[in-house]
Amino acid sequence: MTSTTPTSAPPLSLDELASEWIPTQTAAHYPAVHNFHEMLLLTEDLFRVNYWPGQALYRTWNPEFQYRTVDEAKLTIDRKIILAEAHQACAYEGRRRAQRGHLLMETATRMVFEENGVLRRLTLRNDGNVPCQHLIGFSLPGEAQSHEKGVVTCATQHDRRPDAIAYAVRTTFSSRSHASDPARGQPRPSSGSEGSPSSAIVSGGQGDADSPTLYGGDRKHNATYDPDLNRTMFNDTIVLQPGETRNVDIVLADAADAATARQKALAWLANFDRGYAESKSKWEARWANAFEDDPSHFSGCVPVLETDNEALRRIYYMSILTMVILFRTNMKLCKRFFITSGERDPGRVFLWDVSECATIVSLLEPVGTKELLRHLLRCDPHGGCVFNIHTGVQDGQWYAANDFSLFRLLYTYLAVTGDTPFLDESIAGLTVLQHLERLATNWKQLAHDDHPWLGDYGGIQNLLECVANYIHRVPSFNAANVWMHRKLAQLLVSRGESQRAQELLDEAERIKTAVLECYVPGEGVWTCIHKNGKRVIQRHCYDFAIVGYCLRDDLSPITRQEMIRFVHKELLTKNWMRAQSLQDVGATNSDRPDHGPYGAFAAWPAITAEALFLLGDPGSIGFLLSTVATTREGPYGQAHELVGPQRAGFEAEVRVASRVGCMRESFSGGSFAEIIVRSVFGFAPVPTQPLKLFDPKRDRGVFGTLHGLKVEGETMDIESRREGLLLALKEIQKGNHP
């Protein structure tokens, strides 16, 4: 390795990673906004949001989501609720727009950074050549209170929660014309900061108690308070000259009581422009910190990707952004770590999901990863699939993936950080090394006399949840047992325990033989063995991906080619893939977007592309790059589904799915960056061994450099060239392990 100090291009900005404007009527999920404490979801209209801080956002999810929200305000324009015609996702805000005649309407929704507050700016613009007049109406929970500077506030105790919400509303107006906004690809409204307030305020002594008169500027507005509904309704008539804009700023605050909520709402509204700007600038600073050797927020960093390949660059950064969006800083046990998705109860981490991004997690947040591992190793790996980093509770059904997931996360953490002293730490009565052995050999608890070398991984709810025939002795996790035995044996050899290492390798050979007997020659697919001994052919991507990853060197060239052919023929589509072949025996009964025949879980295309690469498919990276089309909607969802008239064909359209509980964002979207680092750039560290790149002489077909990759205190670059990969050491910064 030689020293080099190249200049790297900066990461894509948050505005560059914004989605396209998506027609609302074609979307299954609307954009989400996160502030590292909470999330909210936009709705189909121009104004409302689904927001339920501190608890699960959804009330029910099957077959379709029904959300809960503290946002009970309603906006009308000319006495009508306006449906958004299109929406756009950006990390720090969600955008909606609509047009009625010459009136252009856009709402930008942000969250107060790491606070329970929502900031909305409704911008109205007259795009015509003559003046226009419109009636803006609000219906707010609570009774309007008087306040200075043209502000209406309403506050009320929420009837379904112990807390309270408050709104503060102000309109401003500016005669400035729109300036071009390249980030949005459209004219951008003025901030309104130089405009004069023209909001309605309660005027004491004006009107009667049931119908107070509200004043704003030199205009008078009628407002009505309904004590039975505990709501205030008021209108504001506006006149817009050609090219003029008016902003309506709306703040929602959530607090323990109405007085505190009102106080917060008024304070945030009084400093709206500053808070509105900070919600973006602080988000941008946190995004930048993910790539900086500066532990001011993240305890590690991920490398910067410099490449002329726009698809590779966008996939990489969108993948990391999906993970960063789900970072939380208000959890009790792991104070700085990632959750799996925002709609669920706060703090829920699925073991399976986090393991799909083990390399990126260990690079970006090694301290949090180690903290999580200490908690997970105290859990029952054959217990629930979820660990809550807020409550410390393990729950959910047992996932067959738990042993493999936890082993892989722990092993990868050790490999990336070099924190091998962690192996000797005692947790729940075992050293970490003993925990690794326990995870690698837990299959023995699941084996039976009729197939002593294959673990029985349970029923439908323990595996893919919707693929009824993918049960019991499945090739995937039994192949993973071979991989775990071999990795553990390497570790033991490095510690002088060669005899135990050889025992594990001997067992691995027996497991491998049993797994290979499940192959269907000529088909490229595998059988699982049911409890009654029946072998059932499975045409699912997960066997392909995991067997390809774990047993690559054990497969014959013919088997490899047959497996590759199966994937190309039955699973891949133009811009995504189907998890399950339409020819699978269970395809007609497993139409769930993440694991069935009409879509795929966020991680499945990434790990499928990696297995294709490992098995020698020259088209593997091309398939990975083709999935860039899914980023047009922004961050990766739990699943992307195949839709449209070509749903069953190669040309199927793809979108973020919501059916059957598929969440808007999923941590597993980080698997794309994982595969880019691990396979495209060959970063495959092994604990206790010097770093060697995987297959370094192979032309990946895409060119670029990963800058600032930190491993065991060393900083290095990896360059992909036509001749293969080049590893260049930049500097040595030895430090303490997490």
Between [X] and [Y], does any side-chain donor sit less than 3.5 Å from a side-chain acceptor?
| X | Y | result |
| --- | --- | --- |
| Tyr457 | Asn462 | no |
| His640 | Asn575 | no |
| Glu465 | Tyr399 | yes |

Exercise answer: donor-acceptor pairs, residues 543-552 side-chain atoms, under 3.5 Å, sequence neighbours excluded:
residue	atom	partner	partner atom	Å
Asp543	OD1	Tyr470	OH	2.5
Asp543	OD1	Ser476	N	3.1

Qualifying residue for side-chain hydrogen bond (donor to acceptor under 3.5 Å, both in side chains) with Asp353, from Ser668, Ser341, Ser671 = Ser668

query = Got a donor-acceptor contact below 3.5 angstrom from the Arg700 side chain to the Ser679 backbone?
reply = yes

task = Establish, for the pair Lys370 and Phe422, whether the NZ or CZ atom is under 6.0 angstrom from the six-membered ring centre and no further than 45 degrees off its axis.
result = yes

query = Does the cation-pi check pass for Arg328 over Phe337, that is, NZ or CZ under 6.0 Å from the six-membered ring centre and within 45° of its axis?
reply = no

request  = Go through Asp584 and Arg578 one step at a time and tell me if the salt bridge (Lys or Arg N to Asp or Glu O under 4.0 Å) criterion holds.
outcome  = CA-CA 11 Å; Asp584 188 273; Arg578 53 192 87 249; over 6 Å; no

ask   = Closest approach of Lys534 and Asn532, non-hydrogen atoms and distance?
value = N-OD1, 2.9 Å

request  = Quick one: list whatever passes salt bridge (charged side-chain N to carboxylate O under 4.0 Å, His left out) with Lys444, sequence neighbours left out.
outcome  = Glu507

ask   = Could you go step by step and tell me if Gln580 and Ser590 meet the side-chain hydrogen bond (donor to acceptor under 3.5 Å, both in side chains) rule?
value = CA-CA 9 Å; Gln580 182 183 28; Ser590 55; 2.4 Å; yes

ask   = Parallel, tilted or perpendicular for Trp604 and Trp352, by the 30°/60° rule?
value = tilted

